[in-house]
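In what follows, a structure is listed as structure tokens, so that the remarks can point back to it.
Counting from 1, the numbers follow the sequence of the chain as shown. These figures come from a predicted structure and were not determined experimentally.
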Amino acid sequence: MSSQSIDKKIPIVVGVTGHRAIRQADRAALLGSVEAELSRLLARCPASPVVLLTSLAEGGDQLCAEAATALGIPLIVALPMEADEFEKDFTPEALTKFRTYCAQAGQVFAVPYTEAVPDGGITRDYLYRQAGIYISAHSHLLLALWDGGPGTEAACGTAEAVDFSLCGSYAPVTGAPHRSGSNTAVIHVYTPRKDRCAEPAGTVHMLGDMDALNETLARTEEYNRLAEGTGPCRNARLQSAEGDRILAHNERVSMASGMLSERYARIYRRILALLAAASTVLTLAFLLYDEAEAVWMILVCGAMLLAALLLQRMAVHSDCNRRYIEFRSLAECLRVETFLRYAGSGVLVSELLPWTEQAETAWILNALCALETGPRPETAHEIRECWIENQRDYHLRSCKKTTQKLHFSGRIVRTALLLSVSLYLAALLFELLCGGLIFRPRFPVADVEQYRTALKILLGVISAATLFIGNYYGRLSLDRKKADHEKMARFYQRMSEQLQRRGQVEPLLELIAREELIENGNWCSYQRDNGPDFSI
């Protein structure tokens, strides 16, 4: 897997928690179980980079690091405190391993605090607890070397870390925990303590919603596989992004997911247009078969039904509507995350994602948590022009384009409707003057039924075309999109003024990010109802 390919991919993050009191006799069994679970994950997700997120504490953490290293899985080291202070908790042998693994790791950093500092001040117990929360919150799944019993350590034991993942049993400074058993899972590797042994060491239990985990892994693998074929990403929007690995990576993933969304949007719109055309031709063929007694038109009807069936199958096989929506949502979320980080903000998009989006697209929530993993930004840049004013200009341009499409669609529908009314009036006049509708025909014509049949066919086809064209443009939600662009353009103009007046304060950056995510969630909501089907 090339480095350029990995740069566009979402890593699957395996967090680690484990107690320190591992019996020497159990090491081989535990190591075998951990390697087996990691190998199974690698085989299941061959297109996805897998990383191990760990504090490298003595015992279970270092055993998992040994297994990961043997399989070529890179490490991300999330420390409860600065390394020189953390090293005081190690035996000489464990300290040597700690330094070796840190030297091999892609990132080593002290975690930011999630909870408020207690009244008694910052203690070692508090710091270990923050590390456990951080690892649980940023992992797709948690690898827990645990005896299954309640916590016995004063700080943050394995039992507490498992509860962080499955129950969200912590109190962040703002908001609420966004990870739970419904969007993450725990691989429990039974690890006895001293003489307590309820079952063989290394026995594996799966905790949490496994169906939700399977869907998350499948969706992540799907994105990563498709991202391989997106080609090179365009130049970075943020010129100084390359100095920040996390920022640069997130921007590339955002651009790759945007390209994928555009690809499936084209497929989606093409299928909508072809379904509308097939429906119109089907109506014409049926009218010719019924009214003009053109028997061979029954074959055309069958061909159009077959074409509609194939288009429907193409829509299902390509899953174009879902991919169009979800990849666009991922791109937008990561774009917001990129600008927040570029501004030097500690606000995380995963903590702002609306609840409906968390529930409907848990894999995107997991992707955000994985891609946010790492140290907080060290540099703050001015974002009023590159983010806020660019977004205002984007919505103004999009509003103009959508208005043009809306006027064009309106003209087409009005023209079709005018043709329908004209044909109706022509048919009415024909029946009054030539067909003897009320009075004796003033202008009798030979073969009146042929003219009557032709009018019926034309009237039926134009009416059907009006309906199908109206439904096609209706599924593009142009009215709703125009209104959304207008509202967001006004919002960004207001935020530009606020930033100029107040500066890049955290509450204002959070407000901008939250509103943009809500707008994206609203778009996803109404777009989900517009899937292609033959009812068009």
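In summary, the aromatic rings of F86 and F98 are positioned with their centroids under 6.0 Å apart. Between Y492 and Y394, a ring centre-to-centre spacing not shorter than 6.0 Å is recorded.
For the side chain to side chain contact (heavy atoms under 4.5 Å, CB included) with L517, the lone residue among N522, I512, V349 that qualifies is V349.
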(request) Could you check V505 against L509 for side chain to side chain contact (heavy atoms under 4.5 Å, CB included), going step by step and ending with a plain yes or no? (result) CA-CA 6 Å; V505 293; L509 292 173; over 6 Å; no
(request) Output, in order, the C-alpha distance, side-chain angles, deciding distance and verdict of salt bridge (Lys or Arg N to Asp or Glu O under 4.0 Å) for R99 and E87. (result) CA-CA 9 Å; R99 289 174 174 170; E87 287 182 355; 2.8 Å; yes
(message) Pair I135, S55 - check side chain to side chain contact (heavy atoms under 4.5 Å, CB included), show working.
(response) CA-CA 8 Å; I135 290 172; S55 289; 3.4 Å; yes
(request) Decide ring-ring contact (aromatic ring centres under 6.0 Å, His included) for Y113 and Y126; before the verdict, give the C-alpha distance in whole Å, the side-chain angles of both, and the deciding distance to 0.1 Å. (result) CA-CA 9 Å; Y113 307 155; Y126 169 80; 5.4 Å; yes
(message) Set out, in order, the CA-CA distance, both residues' side-chain angles and the distance that settles side chain to side chain contact (heavy atoms under 4.5 Å, CB included) for L145 and T158, then state yes or no.
(response) CA-CA 8 Å; L145 274 64; T158 308; over 6 Å; no
(request) Determine, stepwise, if the pair Y264 / L226 fulfils side chain to side chain contact (heavy atoms under 4.5 Å, CB included). (result) CA-CA 11 Å; Y264 286 102; L226 293 171; 3.6 Å; yes
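Side-chain contact between C102 and L56 is present, with at least one heavy-atom pair separated by less than 4.5 Å. D244 has its side chain out of reach of T379: every pair of non-hydrogen atoms, C-beta onward, lies at least 4.5 Å apart. Two residues are said to be in side-chain contact when any heavy atoms from C-beta on lie closer than 4.5 Å; L31 and L63 meet this criterion. At a threshold of 4.5 Å between non-hydrogen side-chain atoms, the residues F327 and E262 do not count as touching. Inter-residue side-chain proximity for P192 and D26 is flagged as met; some heavy-atom pair is nearer than 4.5 Å. A heavy-atom distance below 4.5 Å is not found between the side chains of E221 and L217. Side-chain contact between V186 and L141 is absent, with no heavy atoms from C-beta onward closer than 4.5 Å. Annotation: side chain of R323 is not in contact with side chain of L260 (no heavy-atom distance under 4.5 Å).
Using cut-offs of 30° and 60° for the angle between ring planes, the H395 and H485 rings count as tilted. Ring geometry, H188 versus W146: the interplanar angle falls from 30° to 60°, so the pair is classed tilted. The aromatic rings of F164 and Y170 sit perpendicular, their planes meeting at an angle over 60°, well past the 30° parallel limit.
The closest donor-acceptor contact from the side chain of Q62 to the backbone of A94 lies under 3.5 Å. A donor-acceptor pair is defined here as one N or O able to donate and one able to accept, closer than 3.5 Å; such a pair exists between the side chain of R179 and the backbone of S139. Put simply, the side chain of Q358 never gets that close to the backbone of L365: no donor and acceptor are under 3.5 Å apart. A donor-acceptor pair under 3.5 Å links the side-chain atoms of T373 to the main chain of A370, judged by distance alone. Of the possible donor and acceptor atoms, one in the side chain of H138 sits under 3.5 Å from a partner among the backbone N and O of Y134. N183 contributes a side-chain N or O that, together with a main-chain N or O of H178, makes up a donor-acceptor pair within less than 3.5 Å. Side chain of S180 to backbone of L166: no donor-acceptor contact under 3.5 angstrom is found. Proximity of a side-chain donor or acceptor of Q130 to a complementary backbone N or O of E115 within less than 3.5 Å is detected. No side-chain donor-acceptor contact under 3.5 Å links T361 to the backbone of W363. The backbone N or O of L334 lies less than 3.5 Å from a partner atom in the side chain of T338, making a donor-acceptor pair.
A donor-acceptor contact closer than 3.5 angstrom links the side chains of E199 and H205. A donor-acceptor contact closer than 3.5 angstrom links the side chains of N520 and S329. Under 3.5 Å, the side chains of E351 and T174 contain no donor-acceptor pair of N or O atoms. A donor atom on one side chain and an acceptor atom on the other are found under 3.5 Å apart for S496 and E389. The closest side-chain donor-acceptor pair between S48 and K9, if any, does not fall under 3.5 angstrom.
In terms of heavy atoms, D61 sits closest to G18 at OD1-N, 3.6 Å. Across all their heavy atoms, M495 and L508 have their closest contact at SD-CD1, 3.8 Å. Counting all heavy atoms, side chain and backbone alike, P11 lies closest to L371 at CD-CD2, 3.7 Å. The minimum heavy-atom distance between A161 and T17, with the atom names listed, is CB-OG1, 3.4 Å. Nearest heavy atoms, A513 versus V336: CB-CG1, 3.6 Å. Heavy atoms only, all atoms of each residue included: S136 and L142 are closest at OG-CD2, 4.2 Å.
With rounding to the nearest 0.5 angstrom, the NZ atom of K97 is 9.5 Å from the OG1 atom of T100. Going from atom SG of C369 over to atom CG of L348 covers 8.5 Å, rounded to the nearest 0.5 Å. With rounding to the nearest 0.5 angstrom, the OG1 atom of T216 is 9.0 Å from the CG atom of D209. Atom OG of residue S398 and atom CE of residue M488 lie 11.5 Å apart, to the nearest 0.5 angstrom. Atoms CD1 and CD, on I388 and Q498 in that order, are 11.5 Å from each other to the nearest 0.5 Å. Interatomic distance, N250 CG to R341 CZ, rounded to the nearest 0.5 Å: 7.5 Å.
In summary, R124 and E85 engage in a salt bridge, as defined by a charged side-chain N under 4.0 Å from a carboxylate O. Taking 4.0 Å as the cut-off between side-chain N and carboxylate O, R322 and E222 count as a salt-bridged pair. With salt bridges taken as basic N to acidic carboxylate O contacts below 4.0 Å, none links R392 and E385. Under 4.0 Å is where a charged nitrogen must lie from a carboxylate oxygen, and between K487 and D484 at least one such pair does. Ion pairing of R129 with E160 is absent here, as no side-chain N (NZ or NE/NH1/NH2) approaches a carboxylate O to less than 4.0 Å. In summary, E497 and R501 do not engage in a salt bridge, as defined by a charged side-chain N under 4.0 Å from a carboxylate O.
The stretch residues 30-55 participates, sequence neighbours left out, in these salt bridge (charged side-chain N to carboxylate O under 4.0 Å, His left out) pairs: E37-R40.
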N/O donor-acceptor pairs under 3.5 Å from side chains in residues 67-76, not counting sequence neighbours:
residue: T69; atom: OG1; partner: A65; partner atom: O; Å: 2.7

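Applying the 6.0 Å contact sphere to CZ of R494 captures no more than 12 heavy atoms from other residues, nucleotides or ligands. With a 6.0 Å radius and a threshold of 12 heavy atoms from other residues, nucleotides or ligands, E382 has its CD atom above the threshold.
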